[in-house]
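Report on one structure; see the data block that follows.
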There are 2 protein chains.
Amino acid sequence: MAAASKREQIIDNALKLFYQNGFNATGVDRIISEAGVSKKTLYNHFRSKNELVLAVLRKRDELFRNNMMRETERMAMEPRSRLLALFDVMGNWFHEETFSGCMFINASAEFSDLKDPCHVLCAEHKKLICDYIEVLAKQAGAQDPLELAKQLNLLIEGAIVNAHVEGDLEAGQRAKRMGEFLIDLALRS
Amino acid sequence: MAAASKREQIIDNALKLFYQNGFNATGVDRIISEAGVSKKTLYNHFRSKNELVLAVLRKRDELFRNNMMRETERMAMEPRSRLLALFDVMGNWFHEETFSGCMFINASAEFSDLKDPCHVLCAEHKKLICDYIEVLAKQAGAQDPLELAKQLNLLIEGAIVNAHVEGDLEAGQRAKRMGEFLIDLALRS
DNA sequence: TTGAAGGTATACCGTTAGGTTTACCATAAG
DNA sequence: CTTATGGTAAACCTAACGGTATACCTTCAA
């Protein structure tokens with residue numbers, strides 16, 4: 001099998017295991033077993049488990065944001081509606097059987113040092129999400145797009161925690177209601 | 001030394017280590033070494049590492065909520081002001097050098113199964129926080145105290161994640177501004 | 001036809017994990 | 001005075017950890 005494909009196999013399986021069971025709790029033996037790959041192959045592609053973690057987080061960031069943007073833009077056409085649709089996308093995610101919180105919030109819990117490369121990557125992911133919201137906020141004509149984006153981002157993160165820790169699957173709707181107030185306030189000329 | 005005191009020594013040191021470095025990443029050898037206690041003593045007081053984790057979470061819940069209530073009620077006298085003071089208490093916490101996120105959000109990341117006893121305890125902690133906010137909301141005369149409490153709780157959780165993952169220490173102030181808006185809305189007769 | 005590239009399985013390395021066991025020591029109450 | 005109680009240090013257990021080494025098997029292009 002082609003090398004690139006092996007690499008993806010490893011990343012995809014590691015992604016699933018890290019997301020469901022955590023990073024420290026998932027051993028490389030488990031990963032190679034589920035990926036159907038030898039240990040040598042894993043260490044041909046990644047210098048260490050930590051490098052694999054980084055590769056997984058990068059792939060998750062890409063998949064997650066692409067999906068978020070695609071779904072948001074599919075669900076609504078007007079900028080203001082799209083800001084609200086963000087919360088519907090989140091809400092649908094919470095209801096998925098495999099939902100296990102935000103992988104980046106989870107990773108930050110295990111790699112708690114702000115300077116840890118894994119933690120840095122988590123912060124970058126959140127920043128990119130916020131950047132996207134800011135674009136939508138600007139399109140919607142918000143007075144202070146960055147501030148609105150930060151507010152909505154905070155709501156989204158709160159909803160994710162609500163849904164994961166407390167198992168409150170309706171957190172998406174609550175955040176949406178709160179977000180609507182803030183959006184109206186920000187768009188008032 | 002008295003048994004009760006040894007138990008507390010173990011819990012206190014485990015609390016510090018678990019909070020700073022995570023649960024799976026912290027071994028019992030490290031805990032007994034820092035607590036200055038033999039392994040036998042640890043296993044006299046706790047059946048397993050997992051039982052120690054539960055004891056630590058229970059203590060953290062008690063310390064955290066007591067401090068939160070004490071500080072909130074010290075900073076403001078009127079119910080509405082107290083609702084706002086919650087965010088100041090959080091904001092001050094974010095600025096502490098040892099701040100490493102919410103221990104219960106972190107624990108939920110590592111014990112991701114909702115039925116895991118550790119995760120259950122995390123959900124209970126969040127519920128108790130929400131209960132307290134609901135009491136303040138009722139005293140302030142909110143139309144729907146439970147709904148307002150859930151909203152403010154969501155803001156608090158969002159702010160904690162903002163502060164920890166992204167390192168945004170001003171998240172407390174942002175959440176406070178958002179909270180003030182929602183409080184005014186909820187108190188409008 | 002040959003030989004590198006990239007795969008496989010498997011054994012192995014030292015370390016650490018959670019947890020148990022043994023033998024001994026201090027204290028304090030009956 | 002004795003004897004539980006609760007502590008100590010340290011050896012030990014099995015399993016798993018991250019990571020390496022060896023030997024062999026395909027595939028495919030020079």
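A, B, ... follow the sequence lines: proteins, then strands. Residue 1 opens every chain.
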Just jot down the ring-ring contact (aromatic ring centres under 6.0 Å, His included) partners of Phe87(B), sequence neighbours excluded, or say none. none
Rounded to the Å, how far apart are Leu52(B) CG and dA17(C) C1'? 15 Å
Does a side-chain N or O of Thr41(A) approach OP1 or OP2 of dT8(C) to a distance below 4.0 Å, or not? yes
For Lys59(A), look at atom NZ and say whether over 12 heavy atoms of other residues, nucleotides or ligands are found less than 6.0 Å away. yes
Ignoring hydrogens and angles, answer whether the base of dG7(D) and the side-chain atoms of Lys40(B) contain a donor-acceptor pair closer than 3.5 Å. no
Checking Arg70(A) now: which residues fulfil salt bridge (charged side-chain N to carboxylate O under 4.0 Å, His left out) with it, not counting sequence neighbours? none
Given atom CG of Asn44(A) and atom P of dA4(C), what is their separation to the nearest angstrom? 17 Å
Give the rounded distance in Å between these two atoms: CG of Leu42(B) and C1' of dT21(C). 16 Å
Can you pull the ring-ring contact (aromatic ring centres under 6.0 Å, His included) pairs that have at least one residue in residues 143-169 of chain A, sequence neighbours excluded? His164(A)-His119(B)
Looking at Lys6(A), does any N or O in its side chain come under 4.0 Å of the phosphate oxygens OP1/OP2 on dT8(C)? yes
Residues in contact with DNA chain C, drawn from residues 14-21 of chain A - heavy-atom cutoff 4.0 Å: none
Salt bridge (Lys or Arg N to Asp or Glu O under 4.0 Å) contacts touching residues 155-171 of chain A (sequence neighbours left out): Lys126(A)-Glu157(A), Asp168(A)-Arg174(A)
Could you list the residues that satisfy salt bridge (charged side-chain N to carboxylate O under 4.0 Å, His left out) with Glu71(A), not counting sequence neighbours? Arg74(A)
Which nucleotide sits closest to the side chain of Lys39(B): dT8(C), dG19(C), dT8(D)? dG19(C)
Would you say His45(B) places a side-chain N or O within less than 4.0 Å of OP1 or OP2 belonging to dG6(D)? no
Please tell me if Lys49(A) has a side-chain N or O lying less than 4.0 Å from either OP1 or OP2 of dG18(D). yes
Is it true that the NZ or CZ of Arg60(B) lies under 6.0 Å from the centre of Phe104(B)'s six-membered ring and within 45 degrees of the ring axis? no
Using a cut-off of less than 4.0 Å, is there contact between a side-chain N or O of Ser48(A) and OP1 or OP2 of dG18(D)? no
Atom OH of Tyr43(A) and atom C1' of dA5(C): how far apart are they, to the nearest Å? 22 Å
Sub-4.0 Å heavy-atom contacts from residues 24-36 of chain A onto DNA chain D, ordered by number: Thr26(A), Gly27(A), Val28(A), Asp29(A)
Show every side-chain hydrogen bond (donor to acceptor under 3.5 Å, both in side chains) that has at least one partner inside residues 86-102 of chain A, sequence neighbours left out. Asp88(A)-Lys176(A)
May I have all residue pairs that pass salt bridge (Lys or Arg N to Asp or Glu O under 4.0 Å) and include part of residues 21-31 of chain A, sequence neighbours excluded? Asp29(A)-Lys39(A), Arg30(A)-Glu34(A)
Take atom CD of Gln9(B) and atom P of dG6(D), then tell me their distance rounded to the nearest Å. 16 Å
